[in-house]
There are 2 protein chains.
Amino acid sequence: MAAREIDPRGAKPPFRQVAAILAAEIKTGALAPGSAVPSEKALSDRFGVARDTVRSALRVLREEGLVHTVPSRGTYVTTSAEAPDGEQ
Amino acid sequence: MAAREIDPRGAKPPFRQVAAILAAEIKTGALAPGSAVPSEKALSDRFGVARDTVRSALRVLREEGLVHTVPSRGTYVTTSAEAPDGEQ
DNA sequence: TTATATTTGTCCGTATGTATG
DNA sequence: ACATACATACGGACAAATATA
């Protein structure tokens with residue numbers, strides 16, 4: 001069976017664990033550039049954490065430039081064209 | 001190029017930006033007293049916002065007494081004769 | 001009369017931003 | 001970290017009234 005993805009007592013706090021998982025999915029292309037990241041509620045349900053925790057994770061990804069959020073709309077995977085500091 | 005009139009991330013929320021633009025057009029006379037304001041759908045298309053956002057903007061203008069709405073007919077620019085708090 | 005198109009009114013569901021315990 | 005509430009926003013759907021053919 002599937003191991004719980006998020007460990008509340010892990011070395012890294014939950015919001016960083018969530019961020020790491022999503023970052024990996026973006027890097028592998030499971031979350032394609034330009035596509036919408038699942039809603040905060042969807043991620044909250046999937047990982048079994050509060051929406052606030054998901055928001056913290058998304059904030060990390062935003063700071064890394066991996067995603068960008070449009071208020072009242074959603075969060076999207078940043079494309080190379082949108083990346084401000086050089087296409088990786 | 002044409003600047004997008006509405007900025008989803010602006011200091012003011014979109015519905016207030018729409019209200020401000022329409023209020024300006026009324027003040028300059030681009031929208032004359034007694035004339036019909038474009039339909040909610042037309043404004044929605046013009047500004048690239050949801051009808052709900054347009055309705056919020058029109059609500060603001062109604063509260064300011066700049067326009068008045070007739071169900072199933074449309075919204076009209078209030079004339080000085082119609083203004084409740086002192087004719088011109 | 002009937003039919004169609006237009007416009008506003010209302011409701012639903014979903015989403016993010018912010019604020020508060 | 002979690003739970004809840006409110007404001008704002010988008011999209012869709014349907015009803016009622018109106019106008020026109």
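So that the names make sense, note that chain A is the first sequence line, chain B the second, and so on, each numbered from 1. These values consider heavy atoms only, across backbone and side chains, with no hydrogens, waters or symmetry-generated copies.
Under 3.5 Å, the side chain of Arg51(B) and the base of dG9(C) form at least one donor-acceptor pair of N or O atoms.
The phosphate of dT8(C) has neither OP1 nor OP2 within less than 4.0 Å of any side-chain N or O from Arg55(B). Side-chain nitrogen and oxygen atoms of Ser39(B) include at least one within less than 4.0 Å of the OP1 or OP2 phosphate oxygen of dT7(C).
Whole-Å rounding puts the Glu40(B) CD to dT7(C) P distance at 10 Å. In this structure, the CZ atom of Arg59(B) is 16 Å from the P atom of dT8(C), given to the nearest Å. In this structure, Lys12(B) atom NZ and dA9(D) atom C1' are separated by 17 Å, rounded to whole Å. Here dA7(D) presents its C1' atom at 10 Å from CZ of Arg16(B), a figure rounded to the nearest Å. Summarising the geometry, the separation between CZ on Arg73(B) and C1' on dG9(C) is reported as 16 Å, rounded to the nearest angstrom. At whole-Å resolution of the value, CG in Leu43(A) and P in dA1(D) are 15 Å apart. Rounded to an integer number of Å, the gap from CG of Asp52(B) to P of dA7(D) is 14 Å. Put simply, NE2 on His68(A) is 13 Å from P on dT16(C), counting in whole angstrom units.
Side-chain proximity of Val49(A) to dT8(D), dG11(D), dC2(D): nearest is dC2(D). Minimum atom distance to the side chain of Ser72(A) is reached by dA9(D), of the listed dC2(D), dT8(C), dA9(D).
Separation of atoms CZ (Arg51(A)) and CG (Leu58(A)) is listed at 10.0 Å; rounding is to 0.5 Å. Between atom CZ of residue Arg46(B) and atom CG of residue Leu22(B) there is a gap of 6.0 Å, rounded to the nearest 0.5 Å.
Axis angle, first five pairs versus last five pairs of the helix from dT2(C)-dA21(D) to dG21(C)-dC2(D): 10°, rounded to 10°.
Of all the heavy atoms in Val18(B) and Ala57(B), the pair that sits closest is CG1-CB, 3.6 Å.
Remark: side-chain polar atoms of Thr75(B) are not paired, donor with acceptor, to backbone N or O of His68(B) under 3.5 angstrom.
The closest side-chain heavy-atom distance from Arg55(B) to Arg59(B) is not below 4.5 Å.
Using a 4.0 Å heavy-atom distance criterion, Ser56(B) is classed as making no nucleic acid contact.
Val49(A) and Ile21(A) fall within a single hydrophobic cluster, where Ile, Leu, Val, Met, Phe, Trp and Tyr are joined by side-chain heavy atoms under 4.5 Å apart, directly or via other members.
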All N/O donor-acceptor pairs, side-chain side in residues 26-39 of chain B, below 3.5 Å, sequence neighbours left out:
residue  : atom : partner  : partner atom : Å
Thr28(B) : OG1  : Ala24(B) : O            : 3.2
Thr28(B) : OG1  : Glu25(B) : O            : 3.2
Thr28(B) : OG1  : Ala30(B) : N            : 3.4
Ser35(B) : OG   : Ala32(B) : N            : 3.4
Ser35(B) : OG   : Ala32(B) : O            : 2.5
Ser39(B) : OG   : Ala42(B) : N            : 3.1

